[in-house]
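Notes for the one structure printed next.
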Amino acid sequence: MELEKYTQRFAADLTAAAALGDKHTRKVAEGLGGAAEASARLMLIAALSDLAAEINDALDDREVKLVVRDADVDVEVRPVATASPRESDENHTPNFEDLTGDISRVTLRLVEQIKARAEEAAAANGQSLNSWLSQAVQGALRNQQEWRRRDWH
């Protein structure tokens, strides 16, 4: 899916709205239009990622994945990969992928620049910011668990 036609339309609409103003207003709107295109692209990718997550929640046998390439987003629909059952091991420490349970909501305050970079990284991975942050936390906890194991042995 080409996002450029949507972001260009957004910039054109902004310029058209500014046409009602004076020469200075039109010039400012033209400058903002270019800058707003990048922001609009990120918002579209985030919205598409959230939509894909909602669709995935509704599907049982398939998953929707967004693949971001430059200014384009490709949608892939794949069968859900089933994990092979683990052999029982008394010494097995569950990893974070093994854990299930209730989902809790948390409020996270970030500096705007860090949030923007996180949104870009999430979009580049075809994920919502929420999913991307959740995986980042899981990775940090996994690393911490590995360090503790090394310290104990």
Side-chain angles (χ1 to χ4, degrees), residues 1-86 94-147:
M1 167 185 284
E2 264 187 54
L3 298 180
E4 193 171 348
K5 66 182 178 181
Y6 300 101
T7 59
Q8 285 179 348
R9 175 60 192 230
F10 175 71
D13 288 348
L14 183 61
T15 302
L20 302 172
D22 62 6
K23 183 178 180 180
H24 178 69
T25 302
R26 288 190 299 273
K27 189 162 183 98
V28 169
E30 287 173 12
L32 286 173
E37 277 190 67
S39 176
R41 182 176 293 108
L42 284 175
M43 285 188 285
L44 284 169
I45 292 171
L48 290 170
S49 294
D50 289 344
L51 176 62
E54 287 182 28
I55 292 170
N56 284 335
D57 289 343
L59 297 176
D60 290 331
D61 61 339
R62 297 173 192 256
E63 66 180 354
V64 176
K65 182 173 180 161
L66 297 180
V67 179
V68 180
R69 291 185 185 97
D70 299 322
D72 296 336
V73 175
D74 293 326
V75 178
E76 295 179 0
V77 180
R78 303 176 183 169
V80 173
T82 55
S84 59
R86 272 188 186 209
N95 63 31
F96 292 97
E97 289 79 17
D98 294 337
L99 301 176
T100 60
D102 294 334
I103 295 176
S104 297
R105 180 178 296 268
V106 65
T107 300
L108 176 65
R109 289 175 175 76
L110 297 172
V111 175
E112 185 60 39
Q113 293 89 343
I114 293 174
K115 180 179 179 258
R117 290 180 62 193
E119 288 172 333
E120 290 173 8
N125 287 323
Q127 297 177 302
S128 68
L129 180 59
N130 187 64
S131 295
W132 188 85
L133 287 170
S134 180
Q135 286 184 354
V137 169
Q138 289 176 12
L141 291 171
R142 206 175 299 115
N143 289 342
Q144 184 180 32
Q145 187 178 33
E146 286 299 316
W147 279 106

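Values below: all heavy atoms of this structure, side chains included; hydrogens, waters and symmetry mates excluded. Computed from a prediction, not measured in an experiment: that's the story for all the values here. In this chain, numbering begins with 1 at the start of the sequence shown.
To the nearest 0.5 Å, the span separating CD on Q135 from CG on L133 amounts to 10.0 Å. With values rounded to the nearest 0.5 angstrom, N130 atom CG is found 10.0 Å from L108 atom CG. Taken from CZ in R62 to CD1 in I55, the straight-line distance is 13.0 Å, to the nearest 0.5 Å. Atom CZ of R117 and atom CG of L110 lie 12.0 Å apart (nearest 0.5 Å).
Looking at heavy atoms from C-beta onward, L59 lies out of side-chain contact with E63 at the 4.5 angstrom threshold.
Tested against K115 for a side-chain hydrogen bond (donor to acceptor under 3.5 Å, both in side chains), the candidates E119, Q113, E112 yield a single pass: E119.
Every pair tested for side chain to side chain donor-acceptor pair (under 3.5 Å) that includes a residue from residues 45-59 fails, sequence neighbours excluded, so the list is empty.
For S128 against A122, the heavy-atom pair with the smallest separation is O-CB, 3.8 Å.
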